[in-house]
2 protein chains.
Amino acid sequence: MQENIKAEGSQKTVEKLKEVARIEFMKNGYAATKTRDIANKAEVNLALMNYHFGSKEKLFEIVMLESIDKLFSFILPTLNDEKTSLGEKFDLLSEGYITMILLEPNLPIFVLNEIQQNPAHFGNQIKMNSAIINSKYIAQLKQADPDTDPIQHLITYLGILLFPFFMRPVMTANGVIEEASFKAAIQERQRLAPLWMKKIVGIV
Amino acid sequence: MQENIKAEGSQKTVEKLKEVARIEFMKNGYAATKTRDIANKAEVNLALMNYHFGSKEKLFEIVMLESIDKLFSFILPTLNDEKTSLGEKFDLLSEGYITMILLEPNLPIFVLNEIQQNPAHFGNQIKMNSAIINSKYIAQLKQADPDTDPIQHLITYLGILLFPFFMRPVMTANGVIEEASFKAAIQERQRLAPLWMKKIVGIV
DNA sequence: GTCTATAGAGGGATAGAC
DNA sequence: GTCTATCCCTCTATAGAC
């Protein structure tokens, strides 16, 4: 029982650290994030943090892999659903994907950026690619528009859905739009994106 | 005359430093870039670098503003051209923009990332927005598709053109495509992007 | 598991000679 | 303008008591 109490305390500490670390890493990037800041904001002793995770790098890897897993595990079932049509997949991806990104808006650009700066951080983990390449979604794209590499369409739709989040700081930091209307624009886009995509691949 | 010789030597040093700094900052990000590395790779003494630029931050600002200026000064004339149709602008943007990005492929994601992490680095400089909002291009988008906020279309086309470059490290680092075929895919996209955009806004 | 204290390395910046 | 030498702060990580 004492062990249980200890384990709970520890578990809570670990979770709190991971939660804060995720936020800090995504806000500042890996290099600019200080272990002291993570420990302070998590109200955990710095040494204790290293006791649990060993190093800043190890903590980073753990936290990021969890986030990426969440990202992929969410869309893969949609991509591989044998029962939904291509048009329905467009709808589902827009609806669900944007909703999820809104919960963690900095994740996409952060992941892309860190991969570019330090591929070793991710290297062997992201093996989901073949699952995407061989998905039902890709097959349906190929069928709808046989003349175009379906990867092109895959990237285009990802771009349409994600790019506004990439542009967000640029737009809001300079008053092109207010932070308030950003969410409204995203919701409007949630409606428009599948319609555009259907036009592009040539389905009704 | 002696002054000229000195000035030339200095000028060359400054240019070399800026060139190397641009590459390093874009590869590693601001925080992870070390002034020592910049100085070494530019084959310039570290102290001399500070003599010329005062600080790492100052060097960063100078280099980045030059890059962003290049980015904007390139597309603004196209956006504001009164003589070209919307369809022609789509063609010109695809053709020219992608060509330019190929020369400095890391710039877009880097700029977006740094803006997010440290808006103060850019804050007051990017005032080009109103020039874009009030451009002929935006007016033509509004005319072609009155029911949709033209900003939505602006972002969509930027996303279609830029997103492949964002995804490049993800794709190539995991063998989805080889680095070699990336360029071929980009060229194919250069052809397809304006066609897609015309479908989206509903012009022939 | 949790703390205090500190080691140890790294990196930005400058003093001062030439 | 250019160099050497070095200061000094910051940050990661660990030793060791509780």
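Reminder, nothing fancy here: chain letters follow the sequence lines and each chain counts from 1.
Between Thr13(B) and dG1(D) there is no side-chain polar atom (N or O) within less than 4.0 angstrom of OP1 or OP2. Within the 4.0 Å cut-off from OP1 or OP2 of dG1(D), at least one side-chain nitrogen or oxygen of Ser10(B) is found. For dT4(C), one of the phosphate oxygens OP1 or OP2 lies less than 4.0 angstrom from a side-chain nitrogen or oxygen of Asn45(A). Side-chain N/O atoms of Thr35(A) include none lying less than 4.0 angstrom from OP1 or OP2 on dC11(D).
Of all the heavy atoms in Phe90(A) and Tyr137(A), the pair that sits closest is CE2-OH, 3.5 Å. Closest approach of Lys56(A) to Thr33(A), counting heavy atoms only: NZ-O, 2.8 Å.
One can find a donor-acceptor pair under 3.5 Å joining the base of dG12(C) and the side-chain atoms of Arg36(B).
Within the 6.0 Å centre-distance limit, the rings of Phe60(A) and Phe25(A) are counted as a close aromatic pair.
Side-chain contact of Gln140(A) with Lys89(A): a donor-acceptor pair under 3.5 Å is present, judged by distance alone.
One atom, CE of Met49(A), and another, P of dC11(D), lie 13 Å apart when rounded to the nearest Å. In this structure, CG of Leu48(A) is placed 17 Å from P of dA5(C), rounded to the nearest angstrom. The separation between Ile38(B) atom CD1 and dG12(C) atom P is 8 Å, rounded to whole Å.
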